[in-house]
Amino acid sequence: MREQIKVLSQRSNNLSNIVTTSGLYPYQADVALWMLYNPALTYSLPAIFIDEPVLNKIQHKAIESFLPELGYNLTFPRAVVFGPPEYGGMAVLHQYTEMN
């Protein structure tokens, strides 16, 4: 699992660096989140098990990069970020939920 954690961390950090330096419009950042970031990180998760705190650490930098690009403040509540749209959430996938 250590190797997979390292690979996921590298992917997440690389994509967050690209988003941070790209100057995307909010709709482009949303497309990047759903078409690049989520598939890159969730692909291997059903076949492995990683503890939730480790996945939170992997995902933290990317969420911190995507929120400003999407037009939200960094202090925006994470319950709303990861919440379902039926309850007013943004429906951003949490990697731990996708793993289970």
Side-chain angles (χ1 to χ4, degrees):
M1 292 302 160
R2 282 187 220 130
E3 186 64 30
Q4 187 63 35
I5 291 170
K6 189 166 85 171
V7 168
L8 289 175
S9 295
Q10 289 173 349
R11 282 184 192 164
S12 179
N13 291 339
N14 288 342
L15 288 171
S16 66
N17 288 338
I18 290 169
V19 167
T20 302
T21 59
S22 65
L24 298 173
Y25 291 110
Y27 71 91
Q28 292 170 326
D30 189 46
V31 170
L33 177 68
W34 287 100
M35 298 294 172
L36 296 174
Y37 180 77
N38 285 334
L41 262 67
T42 59
Y43 178 75
S44 63
L45 289 180
I48 60 174
F49 180 79
I50 299 174
D51 292 328
E52 186 173 7
V54 176
L55 284 173
N56 287 338
K57 185 177 177 184
I58 291 170
Q59 191 174 16
H60 178 74
K61 184 176 178 185
I63 295 300
E64 297 286 319
S65 298
F66 273 103
L67 281 179
E69 294 298 321
L70 290 168
Y72 297 99
N73 194 333
L74 288 176
T75 60
F76 197 70
R78 296 304 186 258
V80 178
V81 171
F82 297 116
E86 301 88 51
Y87 300 113
M90 294 172 50
V92 173
L93 299 177
H94 194 284
Q95 303 306 318
Y96 188 74
T97 307
E98 287 301 305
M99 183 177 63
N100 293 327

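As the structure is a prediction and not an experimental result, all values here were calculated from the model. Numbering of residues begins at 1 and proceeds along the displayed sequence.
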Exercise. According to the side chain to side chain donor-acceptor pair (under 3.5 Å) rule, which pairs have a member within residues 67-85, sequence neighbours left out?
Worked result: E64-R78

Exercise. Which residue pairs pass the side chain to side chain donor-acceptor pair (under 3.5 Å) test with at least one member in residues 13-24, sequence neighbours excluded?
Worked result: N17-K61, T20-S65

Problem set entry | Non-hydrogen side-chain atoms of I50 and L8 separated by less than 4.5 Å | yes

Problem set entry | Beyond-backbone contact of I58 with L41, side-chain heavy atoms, under 4.5 angstrom | yes

Exercise. Other than Y25, what residues sit in its cluster of Ile, Leu, Val, Met, Phe, Trp and Tyr side chains whose heavy atoms are under 4.5 Å apart, directly or through others?
Worked result: Y27

Exercise. In the single-linkage hydrophobic clustering (I, L, V, M, F, W, Y; side-chain heavy atoms under 4.5 Å), do I48 and V54 co-cluster?
Worked result: yes

Exercise. Would you say the side-chain atoms of Q59 pair up with the backbone N or O of L93, donor to acceptor, closer than 3.5 Å?
Worked result: yes

Exercise. Looking at residues at least two apart in the chain, or sitting in another chain, which of them share a ring pair (Phe, Tyr, Trp, His ring centres under 6.0 Å) with H94?
Worked result: F82

Problem set entry | Worked verdict on L45 versus L55 for side chain to side chain contact (heavy atoms under 4.5 Å, CB included) | CA-CA 10 Å; L45 289 180; L55 284 173; 4.2 Å; yes

For this session: Output every pair passing salt bridge (charged side-chain N to carboxylate O under 4.0 Å, His left out) with a member in residues 43-54, not counting sequence neighbours, ordered by first then second residue.
Result: none

Exercise. Could you give all pairs that pass the ring-ring contact (aromatic ring centres under 6.0 Å, His included) test and reach residues 35-71, with sequence neighbours left out?
Worked result: Y37-F66

Problem set entry | Shortest non-hydrogen contact between A32 and L24, atoms and distance | CB-CD1, 4.3 Å

Exercise. Which heavy atom in L70 sits nearest to a heavy atom in D30, and how many Å separate them?
Worked result: CD2-N, 3.4 Å

